[in-house]
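Step one of this worksheet: look at the structure below.
Every number for a ligand or one of its atoms is a count from 1 in the order of the listing.
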Amino acid sequence: MTKRILVFRQISDEQLSALKQDFSVDYLPDTASVEDPAFLDALAHAHGLVGSSLAITPALLDRAPHLETIASISVGYDNYPVDELTRRGILLCNTPDVLTETTADTGFLLIMCTARRAIELAQLIKEGNWTESIGSDLYGSDVHGKTLGMVGMGRIGAAVARRGALGFGMKILYTKASPKPELEREFGAKRREFDQLLAEADIVCVTVPLSAETEKLFGAREFAQMKPGACFINIARGKVVDEAAMIEALGDGTLHAAGLDVFEHEPLAADSPLPQMNNVVALPHIGSATHETRTAMAQRAVDNIRLALRGERPISPVNEEVLKG
Ligand code: NAP
C-alpha cells in the first residue's frame, strides 16, 4: 500500500516531486489553521505529516488514526505533545543543526540593532528628521568587549556566544545549561548561577527551548535583576517571557531595551505596544528565514519522513523511544 503524507508548509518543487515518488501526497502549503476542512480531511488518511507552526493537540491526533510519523520543519517542538505522541507510538522528527548558524546570525543582528539603536536611527532618516548631528540622547552602547550572558548554551546558544567571543571580544557567561568544558576551553565561557548572570551581563540572550520549566522564565523579578542599561534579546520562544511584565519593564525603564524575534502570540497583535516602543527592535520570527536555511530545513524534514515511513532510522528523531518499541 502506498502511504499518504500531508504536507502543510511550503517545500520546493524538487522536494515535493521526491516525496511523490514514494508516497501519495496531499500538499496544502497555505494551511492557516488545523480547523481547515481540507487539512482535517487529509489528516484522517495521513501516515505522515510534514510542516511547522501549527499546534498538534491530542484531540487532533484522535482524528489521525493512521499517523506514524511527524517531520516538523523546525528544531523547536513545543507545538507537539511529545509524551502523548510517544504513548501512541508516533515518531516525531525535527531539524537541528541545519538552522543553527542562521539563527545565531539573527541573534547577533538583534544584539547589534538593539545596542546601537540601528532601527530607531534609520527611521530618523526615513522620516526626514536627520537635520543635524545626533546628540548623546541618541547614542547607543558598545557591543565589542562587553559581557554577553547566554541563557541556554546548546547549539544556537554556543553559535551566538562564539560570534560574540571571537568576533567582538566579548566575555561570555552562560546559565541554564549543563557545564560546557569544551566551550570554556574554546572561548573562555564561564558558567554562572542564573541570578548572577543577570547581574553581570550587558546583553542577555535567551536560547532555551520552551517547556513547562522554561515558560515565563523571565518576568518582573528577572528584569529587575538585570544591570541598568543592559539589553535583553529573545530568539527562543515568546512564552519563555512574561510579555506583560516585559512591556511594563521596558516602559518604566527597569529594562533598558529589547531585541525580539519571538512573541507570546504570533503574529503579533496589531494593538501590541511593543513595535511602537523606541527601545524595542521587533522582528517577525525570522530566526531561520533565509532561502538557504529554509530549503535545508525542508530537505531535512523530507529526508526524515522518507526514512521513517520506510522503516529506517530518520536523521533527527525527537522521541527515540518510539524507534525501540
Ligand atoms: P539545544 O541545542 O537543545 O539547546 C537548548 C539549550 O537550552 C541547552 O543549553 C539546554 O541545556 C538548555 N535547556 C534545555 N532545557 C532546559 C530547561 N528546561 N531549562 C533550562 N535550560 C534548558 O537547542 P537549539 O538547537 O540551540 O535551539 C534552542 C531553541 O531555539 C529551540 O528549541 C527553539 O525554540 C528556538 N529557535 C528559535 C528560532 C527562531 O526562529 N527564532 C529558530 C530556531 C530555534 P543543556 O546544554 O544542558 O542540554
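With sequence neighbours excluded, no residue forms a ring pair (Phe, Tyr, Trp, His ring centres under 6.0 Å) with Y27.
The pair R313-E320 meets the salt-bridge criterion, since a charged nitrogen lies less than 4.0 angstrom from a carboxylate oxygen. A salt bridge is defined here as a Lys NZ or Arg NE, NH1 or NH2 lying under 4.0 Å from an Asp or Glu carboxylate O, and R221 with D195 meets this definition. The pair R88-D62 counts as a salt bridge, with a side-chain nitrogen and a carboxylate oxygen less than 4.0 angstrom apart. A salt bridge links R163 and D105; the closest N-O separation between the charged side-chain nitrogens and carboxylate oxygens is under 4.0 Å. The residues R87 and E84 are annotated as salt-bridged, a charged nitrogen and a carboxylate oxygen being separated by less than 4.0 angstrom.
Sorted by chain then number, the residues whose non-hydrogen atoms approach ligand 1 to under 4.0 Å are V75, G76, L99, T103, G152, M153, G154, R155, I156, K176, A177, S178, K180, T207, V208, P209, S211, E213, T214, I235, A236, R237, D261, V262, H285, G287, S288.
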